[in-house]
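Notes follow the structure.
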Amino acid sequence: METLILIGLIGGLITGISPCILPMLPVIFFAGGIQGARPGSPGEGTDGASAPAEGTSASSTPTSSLFAGAPGAVTINSRGTVAVADRPKAGAGDSVGIGKGKGTSGKPADGKPAKEVSARRKSLRPYLVIAGLVLSFSFFTLLGSLILNALGLPQDLLRWVGLSLLAIIGIGMIVPRLEEVIERPFQRIAALGARRGSARQDRGAFLLGLGLGVLYVPCAGPVLAAITVAGATGNIGADTVALTVSFAVGAAIPLLIFALAGRRVAERVGAFKRHTKGIRIFGGVTMILLAIGLAFNLPQYLQRALPDYTGSLQSQINESGTVQEALDLGGIVTDENRELSNCSNGASELESCGPAPQLSGINNWFNTPGDEALNLSDLKQEGKVVLVDFWAYSCINCQRAIPHVNAWYDQYKDVGKGFEVIGVHTPEFAFERETRNVVAGAEQLGVTYPVAQDNAYSTWTKYRNRYWPAQYLIDSDGTVRHIRFGEGGYENTEKLVRELLEQANPGVELPPETSVDDGTPQDKTTPETYFSSTKVVNYSGEQDYKTGEFTVNPDQPKDTFSLGGSWTLDPQGATAAADGAAVQLAYSGTNVFTVLGGEGTVKATIKDADGKTVDTKEIEVSGNPNLYPVLEGDAATTGTVELELPKDVQIFTATFG
């Protein structure tokens, strides 16, 4: 369990600084931070006394005469700080002495000394807001779906409740009297965590946090995928709870820091003190606008426009063997996917592998009417045969398979009740999480069938998938009938598609079979090569594989690579730190491809097994990271590819066919 807690905390911390958190920051800053500022002017000393305001003298400090005729519990000490005596117990009498001593001497009737209470008592509001968020997020992520299902309520009900609560609290910040009316039904909840005698700004803080927890949708990764699947399927144990809470705490830590920073700014910057009402109204308007924006999913456009600056950190989590083993990603067995084990990879005949798991956790859809989501249950009711194809746009194996999938979709989509293909795009690299990159990659590959962006690995996990590409063929009754991992077997898969179409549409006239060349490598080829610092494969250089200077291996072993020159390595790949950075690949295969990113001209030299140069070419690299051909031959060969990269050009993988 300790490992799961650590994984949850680290995953949550990365999520807490990701672009997906940005929509929450204004609310956290204003409602969680500034609203929790202590009353009083800025510039107070460490002793609790305030600096005199401009244009006044130090003598303006409160004195005892100011409270003449006030209840005897009030007194002023030598520093000008307000002090109050202990509240008398019921029935102990009506009067409390003033000053020192008993009676009129200033000592309470019970003999206890007066307690000094600073007028600027520190508020717990930032902590209460974040505590409410952690509790709400943890509870509803694990149990929300199960509760709604049990009650027969729509799955998005909690989201709309949270949006409504956010808007109502925003209105309350603008109209304080309305806030009192709003809080009245929730008085006990609103007061949760507020100490007796605490500042009024603590009220409603925990309630606000509960509402934010329902709306909090962090950037998902394998940790959240595991939590979501466990919650959706009811497979909840102590380990899952520990993972969920630790993830929520990790994600909330940056938010708490931001809230505390807001409170500090409000207490220290004079402008905030002079314009308290205006800032409160601005905060309320911000909350209302956020509620409207979330209702229309507007923040996603901001998130798409920003680079995924936490992508490399998230990839280290994704690719960690410890994380994979602890979360059992791709192998989480539930009642929904248990029967998938009945299918064998690439069987020549149709099999029965249980109901197809529903698609879940999809970030975006495109190539659908209005970019609306598709539902397997709806497709089942329409009597359609469905192919769910897991892919990634820069994966060479996927790129060789997609022409076949395109051809099947074009050939059979209008046969009988229809044939549907759903391309579930699950990223292999951080840049493949960017929607604009996926859309561009799909267009380049000629993909016109519906695409679901599965950045959270949620659907991937539901299907217990581990491969790019992977195909799940579903009949018109919603049952998985065939599974194929990797390339190849296209004729067999198409034969089974035709069989299912005939079963769903008795007597239907099928069009001719498609004719697409099979580019699956038949000869032994070099395994795919990764240049990631955490996933390096096939490296055989003289230096340790870390950022620095390299020298190419003069005797490069077969199916390996080495680097030359200056390189910067990260969890995504390798970046040339200076012009002339070199990559040397000893390969076996007919074709050689590399995924490159950045801007510049890469020079490629191809040598045969004897070291003789047989070809040279220049590769113009620009735009999003993409797959570039280096060698396209007619037959399998063995030799060496040498690449010379200019500064700042990146290399991610090399693949061979």
Side-chain angles (χ1 to χ4, degrees), residues 16-17 19-44 53 120-130 132-133 162-183 186 190 194 198-217 252 254-303 305-306:
I17 60 174
C20 298
I21 212 70
L22 296 178
M24 285 288 176
L25 295 186
V27 174
I28 295 297
F29 185 79
F30 286 104
I34 291 177
Q35 283 283 94
R38 291 170 288 179
S41 60
E44 66 175 332
R120 299 185 193 92
R121 185 173 224 173
K122 186 173 289 186
S123 166
L124 291 178
R125 186 176 183 88
Y127 300 96
L128 293 173
V129 171
I130 299 304
L133 187 151
L163 288 172
S164 301
L165 182 60
L166 190 63
I168 290 172
I169 293 176
I171 295 172
M173 289 178 66
I174 300 173
V175 186
R177 288 189 178 181
L178 179 61
E179 183 180 37
E180 295 178 6
V181 175
I182 294 169
E183 287 182 351
F186 307 101
S198 65
R200 185 182 184 278
Q201 58 263 42
D202 283 0
R203 290 173 53 197
F206 192 73
L207 179 64
L208 172 62
L210 293 177
L212 291 176
V214 175
L215 297 175
Y216 182 41
V217 183
L255 295 179
L256 177 60
I257 293 172
F258 201 73
L260 292 173
R263 185 177 73 176
R264 188 71 169 174
V265 168
E267 292 174 351
R268 293 293 179 180
V269 179
F272 282 90
K273 294 293 183 183
R274 293 191 297 271
H275 302 93
T276 302
K277 182 177 179 181
I279 291 172
R280 179 184 172 91
I281 292 174
F282 182 79
V285 171
T286 301
M287 292 179 66
I288 295 171
L289 291 177
L290 176 60
I292 295 172
L294 289 172
F296 290 96
N297 295 315
L298 297 182
Q300 68 181 0
Y301 296 105
L302 171 65
Q303 294 163 6
L306 293 173

Exercise for the section: Apply side chain to side chain contact (heavy atoms under 4.5 Å, CB included) to Ile288 and list each qualifying residue two or more places apart in sequence or on a separate chain. Expected result: Ile171, Ile174, Ile292
Exercise for the section: Just jot down the side chain to side chain contact (heavy atoms under 4.5 Å, CB included) partners of Pro26, sequence neighbours excluded, or say none. Expected result: Thr286
Completion exercise
The reported gap from CD1 in Ile130 to CZ in Phe206 (rounded to nearest 0.5 angstrom) is 11.5 Å
Exercise for the section: Nearest 0.5 Å please: distance from the CD1 atom of Ile28 over to the CD1 atom of Ile257. Expected result: 12.5 Å
Contact summary for [X] and [Y], nearest pair of heavy atoms:
X	Y	value
Leu163	Ala291	CD2-O, 3.5 Å
Gly170	Met287	CA-CB, 4.0 Å
Ala259	Pro126	CB-CB, 3.9 Å
Leu256	Tyr127	CD1-CD2, 3.9 Å

